[in-house]
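Because only heavy atoms are used, hydrogens play no part in the values below, and waters and symmetry mates are left out as well, while side chains stay in.
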Amino acid sequence: MAEQSDVLVIFGITGDLAKVMTFGSLYRLERRGKLSCPIVGVASDSWTMDDLRTHALAAITGTGVEVDDAVFDRLMDRFSYISGDFLADDTYNRIAAAIPDAQAPAFYLEIPPSLFGRVVQHLSEAGLTRNARVIVEKPFGHDLASAKALNDELHTYIDEQQLYRIDHFLGKMPVEDILYLRFGNQMLEPIWNRRYIQCIEITMAENFGVADRGSFYDPVGCLRDVVQNHLLQVLSMVAMEPPAGVGTDIINDRKRDVFMAMPPADPGHYVRGQYDGFLDVVGVAPNSTTETYCALRLDVENWRWHGVPFFIRAGKALPERVTEVRVVFRRPPPLPIASSRAHHPSPNELVLRIDPDPGARLQLVAKAADGQGFRDIHLDMEFSDEGGDGPTPYEELLSAAMAGDKDNFADQNAVDETWRVVQPLLDNPPPVISYEQGTWGPAEANRLTKAYGGWREPWLGA
Ligand code: BG6
């Protein structure tokens, strides 16, 4: 059993991510009795403890939580704050002095990735990395070469087992659920392969633009922002073999097998779109060709998946906010039991909805009530009907990192392999095609899925 972290040090506690995610997650962990150690916030702002308290309260309230004073006080009692430059030795001397008894510290870096290496170097030089965990935010590199360089730099000071790379999709319950549904249901596993499955469609649609994140988003684009990380992680959970045995890395090793079986993506099966109005967003270059939408085909060349395309599409300013995985089974042969033209049943589909309302839908075929043909019927289940208020992704991941559970963090293999797979798309991007806001992106994307029945309209729930 891994050792529980005995102190959490958060670099960048005054920043936006802390405001939007971290304080709220820590509050919820405190409320559930899941916090047991002191927390040290570090940032360059000259905040007093009163300032920290005021900001924390505003941040937690801002997440829509009704604050219980006793829980909030307990959380604040854990906190201390160090104001210092991330690149000054003195800051690390003061951190060391603040945590003299720490045996297993966790350092959470909510700071620009360009600083990861130097902060970890300082931690190491101050003697703070022994038996420590380092939790880093995305993005981890912006292509294969930069991801490898960052890995090498960090591995100079800490080993891979100490590094926890956050991909918040891996903290989403319905993403974790993919493995439970696949391997907990005897009826699914025998048909989860190329003999029965025609294709897989993964959709991540957002019905809003990049808002005030123009300067972040413009150099990044949709492929790097959500496909290389979030959606390839989801794909790997849909495609992986069952984990064998117990222990660290078991899940990540099976994901690695999937990534390694994926040939580099083909730019001929890649469509990029940009919503009208993106160029007017503050922080976006006037002639930017960054994609806010992308659609692509990927393949997994192994015994289970050979010949089954994995289609992924993701985009901003689309008509709905919905993320789903859709497994499209092979079409059964036509049956002469229906005398009308509609005697060829459509393929069964299994939809696993990740956002906004987790659920599963099974599309079956039955007799049309008013005729002789077939009709599609749906068995729908919304998971919120089945269980209460589960932990949020950041709650889940911070708590897992402090417990030393690495299953839900991207390892080096995943980072290297996913960048390798998408690299040809970065090297040879097709021209970007503009699309109207509130539509499903460029019509050109339909060519990718045409032979497989097209993009299915996502399941939007009740
Ligand atoms: C982030 C991306 O990683 O994920 C954003 O940077 C995106 O652009 C967000 O909107 C989506 O996450 P969620 O959990 O809101 O679906």
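The salt bridge (charged side-chain N to carboxylate O under 4.0 Å, His left out) with E206 is formed by just one residue from the set R313, R213, K316, R321; it is K316. Considering I166, D167, I111 as possible partners of E137, the one that fulfils the side chain to side chain contact (heavy atoms under 4.5 Å, CB included) test is I166. For the pairing with I10, the side chain to side chain contact (heavy atoms under 4.5 Å, CB included) check across L17, L26, V42 returns one residue only, L26. Partner F11 forms a side chain to side chain contact (heavy atoms under 4.5 Å, CB included) with one of V134, L115, V136, L123 and no other, that one being L123.
No side-chain donor-acceptor contact under 3.5 Å links Y27 and T63. At a cut-off of 3.5 Å, with distance as the only test, no side-chain donor of R165 or N229 sits close to an acceptor on the other residue. In summary, the side chains of D427 and Q423 do present a donor paired with an acceptor at a separation below 3.5 Å, with no hydrogens or angles considered. Side-chain contact, E395 with T392: a donor N or O sits under 3.5 Å from an acceptor N or O. Judged purely by distance below 3.5 Å, without hydrogens or angles, the side chains of E241 and N302 never pair a donor atom with an acceptor atom. At a cut-off of 3.5 Å, with distance as the only test, a side-chain donor of E110 or Y108 sits close to an acceptor on the other residue.
For F208, the CZ atom is densely surrounded, since the number of other residues' heavy atoms within 6.0 Å is greater than 12. Atom CD of Q161 has more than 12 neighbouring heavy atoms from other residues, nucleotides or ligands inside a 6.0 Å radius. With a 6.0 Å radius and a threshold of 12 heavy atoms from other residues, nucleotides or ligands, F216 has its CZ atom above the threshold. Sparse packing is recorded around NE2 of H306, with 12 or fewer heavy atoms of other residues, nucleotides or ligands lying under 6.0 Å away.
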Residues Y293, W440; criterion ring-ring contact (aromatic ring centres under 6.0 Å, His included); working and verdict: CA-CA 9 Å; Y293 168 98; W440 284 102; 8.9 Å; no

Evaluation steps, side-chain contact (heavy atoms from CB on, under 4.5 Å), between R194 and W305: CA-CA 5 Å; R194 64 195 172 100; W305 296 114; 5.5 Å; no

Residues Q228, T418; criterion side chain to side chain donor-acceptor pair (under 3.5 Å); working and verdict: CA-CA 6 Å; Q228 173 270 332; T418 51; 3.0 Å; yes

From CA spacing to verdict: side chain to side chain donor-acceptor pair (under 3.5 Å), T292, Y435: CA-CA 10 Å; T292 59; Y435 63 96; 2.8 Å; yes

Test log, rule side chain to side chain donor-acceptor pair (under 3.5 Å), inputs E3 and N131: CA-CA 10 Å; E3 204 176 350; N131 204 28; 3.1 Å; yes

Test log, rule salt bridge (charged side-chain N to carboxylate O under 4.0 Å, His left out), inputs R304 and E189: CA-CA 11 Å; R304 192 187 281 269; E189 177 53 22; 2.9 Å; yes

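Counting heavy atoms from C-beta on, the side chains of R133 and S5 come closer than 4.5 Å. Residues K255 and N252 are in side-chain contact: their nearest non-hydrogen atoms beyond the backbone lie under 4.5 Å apart. For the pair I135/L109, no side-chain contact is recorded, criterion being any heavy-atom separation below 4.5 Å from C-beta on.
Checked against a 6.0 Å centroid threshold, the rings of Y164 and F409 count as neighbours.
V258 approaches S236 most closely through the heavy-atom pair CG2-O, 4.0 Å. L35 and R78 get closest at one heavy-atom pair: O-NH2, 3.0 Å. Across every non-hydrogen atom of L181 and L352, the tightest pair is CD1-CD2, 3.7 Å. Closest heavy-atom contact between R32 and P391: NH1-CB, 3.6 Å. When all heavy atoms of S25 and L398 are compared, the closest pair comes out as CB-CD1, 4.4 Å.
Here E396 does not pair with R28 in a salt bridge; the nearest charged N to carboxylate O distance is not below 4.0 Å. Salt-bridge check for D355 with K172: passed, with a basic side-chain N closer than 4.0 Å to an acidic carboxylate O. Of the charged side-chain nitrogens involved, at least one lies within less than 4.0 Å of a carboxylate oxygen, so that E382 and R353 count as a salt-bridged pair. Using a cutoff of 4.0 Å between basic side-chain nitrogens and carboxylate oxygens, K148 and D416 are scored as salt-bridged. A salt bridge does not link E153 to R118: none of the charged side-chain nitrogens sits closer than 4.0 Å to a carboxylate oxygen. We find that R224 and D143 are not joined by a salt bridge, their nearest charged nitrogen and carboxylate oxygen being 4.0 Å or further apart. Ion pair R326/E201 not flagged as a salt bridge, since none of the NZ, NE, NH1 or NH2 atoms sits closer than 4.0 Å to an Asp/Glu carboxylate oxygen.
A perpendicular orientation is assigned to the rings of W455 and F311, their planes being inclined by more than 60° (bins at 30° and 60°). Ring geometry for H230 against H168 counts as perpendicular: the plane angle is over 60°, on a 0 to 90° scale with 30° as the lower cut.
Partners of E417 according to the side-chain contact (heavy atoms from CB on, under 4.5 Å) rule, which considers only residues two or more places apart in sequence or in another chain, are F259, M260, R420.
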